[in-house]
Amino acid sequence: MMKDATPSDAAYVPSALQDFLLSDEDRAFRTEVRGMLASALAPLADRIENQDDWSAVKQGIRAIGEAGYLKLMFADLYRGSLSRPGLTHATILSEEAAAINYAFETTIGSALSAAYPLHKHARPEVRERYLPGILDGSEIGAICVTEPDVGSDSAGMKTRIRYDGATDEWVIDGFKRYISNASVADTYIVYGITDDAAPAQKGMTALVVPKETPGISFPRRYTFVGRRGCVVGEVRFEGVRVPAANLLGDVNGGFRIMLGMFNFERIILSGAALGVARTAFQIATDHAQTRVTFGQKLGCKQLVWDMIAQMSSRIDAAELITYRAAKLYDAGLSGKDLAKPAAMAKLTSTETACFCADRTVQVLGGDGITKEYGRAEQLFRDSRAMPIVAGTSEMAKYLIAGADMPALKPNL
């Protein structure tokens, strides 16, 4: 039987010196979100992690949608307590949710990644059909980018989209994998190539595709080392037809839409990584201050000091760089100008999450790798996906260095 929850299992509470870049209103919102998630998400965490229960994830998403939190990035739609809602607050939501359960948070990230192009680039009638359900939590969105031969390198995308003038429809043929919410999502944002003669950056198009469209299939769901409860799988498109109006933005303008989506997705993921890192750190410090070994508290050992000090310093650095990126987005920075700050936040925070989860397991010893003694082993498993999803750490380093050395065009 799993050990009862302890203070170590709770979300990390920032000290007075943390949240440095946040305003009083931002901090009040964090308190509001933490209270809401404690009642709406925390009771579902066991079902999500130990029963792989998608219905529990969906229940939590509905609660967050009803609270208005999926509208945080869309000021024209938000009706909550904040005077100027934005990515900063979506990142706070992500951080607090991941502190409880990262698998659940990935569904929030996918929902916002689908909502962003719908809100910004969809025709009004398409926006009104597909966006409200995602934002109120009654429907789920998914983003279809990754393919068997395409991860960070979108130029190799093989999914093809063509226009059929006789029926005024777009026709999609292709195969996507590692798609969060595959088979359980109601709406799919699909990226494919419409101009084979152009570079992918100038020949890519994005479409809205509802789940019930003929020709969509979901060959399999993947089993991951962590993130239990999160549905990730494959999506196949065979002669899938959607109305011409389902085009997002302009024909061959999909890469620009995808770039904007990746920027904020990486920042939101950075918030999730902070939530995982801080929860791991809380477990480690609690254990180090209570566990007695060789006649004294474990935290008195010099090698444990080193681990705690490194975790603490890395978390603070990750927080500063993450909320700087979020504030830059909210101040209007976008596109290539935001790519470097977003990549820096993603790189620093996700690597910090992995480091803290690993060191926490080491501090706890056998208890750290035993499910019956708390969440350390779960955080260790969950964190490992973070430096891979939404662009690998290696891709983040390329984006950072590429911005700093614009005269060079390295061959990836």
Side-chain angles (χ1 to χ4, degrees), residues 1-19 30 34-35 37-38 41-51 95-105 225-229 271-319 348-387:
M1 182 179 295
M2 177 170 285
K3 178 178 72 67
D4 291 339
T6 70
S8 298
D9 296 316
Y12 181 78
V13 179
S15 71
L17 294 179
Q18 292 171 334
D19 288 347
R30 182 190 292 279
R34 182 173 293 160
L37 292 174
L41 176 57
L44 303 173
D46 180 73
R47 287 168 53 193
I48 296 171
E49 165 64 14
N50 296 310
Q51 300 176 38
E95 180 182 346
E96 294 296 326
I100 298 173
N101 183 273
Y102 171 50
F104 174 82
E105 186 284 331
V225 67
R227 302 199 302 174
R228 294 174 182 167
L274 278 173
V276 168
R278 285 177 162 168
T279 302
F281 181 70
Q282 187 71 59
I283 293 171
T285 54
D286 283 358
H287 185 80
Q289 293 174 91
T290 56
R291 169 76 166 175
V292 176
T293 179
F294 295 101
Q296 62 181 177
K297 297 293 178 63
L298 181 64
C300 294
K301 310 300 182 184
Q302 190 172 18
L303 292 177
V304 176
W305 301 350
D306 177 77
M307 288 188 278
I308 297 299
Q310 286 200 51
M311 292 164 69
S312 183
S313 299
R314 293 185 188 206
I315 288 171
D316 274 18
E319 180 199 37
T348 305
S349 296
T350 58
E351 295 284 344
T352 294
C354 282
F355 178 85
C356 290
D358 178 79
R359 294 297 82 193
T360 294
V361 166
Q362 195 67 27
V363 169
L364 268 64
D367 289 357
I369 54 175
T370 308
K371 199 169 186 66
E372 286 73 18
Y373 284 93
R375 292 184 59 203
E377 64 85 29
Q378 177 193 345
L379 295 167
F380 179 80
R381 289 183 290 102
D382 284 351
S383 66
R384 192 58 189 88
M386 290 180 158

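Count residues from 1 along the sequence.
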What pairs with Gln289 under side-chain hydrogen bond (donor to acceptor under 3.5 Å, both in side chains), at least two apart in sequence or on another chain?
none
Donor-acceptor pairs under 3.5 angstrom involving side-chain atoms of residues 98-105: please list them, not counting sequence neighbours.
| residue | atom | partner | partner atom | Å |
| --- | --- | --- | --- | --- |
| Asn101 | OD1 | Ala103 | N | 3.2 |
| Asn101 | OD1 | Phe104 | N | 2.7 |
| Glu105 | OE2 | Ser94 | OG | 2.7 |

Charged N-O contact under 4.0 Å between Glu351 and Arg314:
no
Distance in Å, Cys354 SG paired with Asp382 CG, rounded so as to fall on 0.5 Å steps:
10.5 Å
Among all residues two or more places apart in sequence or in another chain, which pass the side-chain contact (heavy atoms from CB on, under 4.5 Å) test with Lys297?
Val292, Cys300
Results of side-chain hydrogen bond (donor to acceptor under 3.5 Å, both in side chains) for Gln302 - residues two or more places apart only
none
Can you see which heavy atom on Val276 is nearest to which on Ser383, and at what distance?
CG1-CB, 4.1 Å
Residues 358-367 side chain polar contacts: donor-acceptor under 3.5 Å, at least two apart:
| residue | atom | partner | partner atom | Å |
| --- | --- | --- | --- | --- |
| Thr360 | OG1 | Ala280 | O | 2.9 |
| Thr360 | OG1 | Cys356 | O | 2.8 |

Nearest-0.5 Å distance that lies between atom CD in Glu96 and atom OG1 in Thr279
8.5 Å
What one should report as the nearest heavy-atom pair of Ala318 and Thr352 is CB-OG1, 4.0 Å
For Arg381, all residues meeting side-chain contact (heavy atoms from CB on, under 4.5 Å), sequence neighbours excluded
Glu49, Val225, Arg228, Lys371, Glu377, Gln378
Answer whether the closest heavy-atom distance between the side chains of Gln282 and Arg278 falls below 4.5 Å.
no
Using side-chain contact (heavy atoms from CB on, under 4.5 Å) as the criterion, list what pairs up with Thr370, not counting sequence neighbours.
Glu372, Tyr373
Can you tell me how far CZ of Arg384 sits from OG1 of Thr350, rounded to the nearest 0.5 angstrom?
9.5 Å
For residues Pro43 and Ala38, report the shortest heavy-atom separation together with the two atoms involved.
CD-O, 3.5 Å
Minimum heavy-atom distance between Ala277 and Ala353, given as atom pair plus value:
CB-CA, 3.9 Å
Under 3.5 Å, side chain of Ser312 to main-chain N/O of Ile308, donor-acceptor pair present?
no
The criterion is side-chain contact (heavy atoms from CB on, under 4.5 Å); which residues satisfy it with Arg47, sequence neighbours excluded?
Leu44, Gln51, Asp53, Ser55, Ala56, Gln59
Could you walk me through whether Glu95 and Arg30 pass the side-chain contact (heavy atoms from CB on, under 4.5 Å) check?
CA-CA 9 Å; Glu95 180 182 346; Arg30 182 190 292 279; 3.3 Å; yes
Looking at every heavy atom in both Phe355 and Gln310, which two are closest together, and how far apart are they?
CZ-OE1, 3.6 Å
Do you know the tightest heavy-atom contact between Ser349 and Leu274?
OG-CG, 4.4 Å
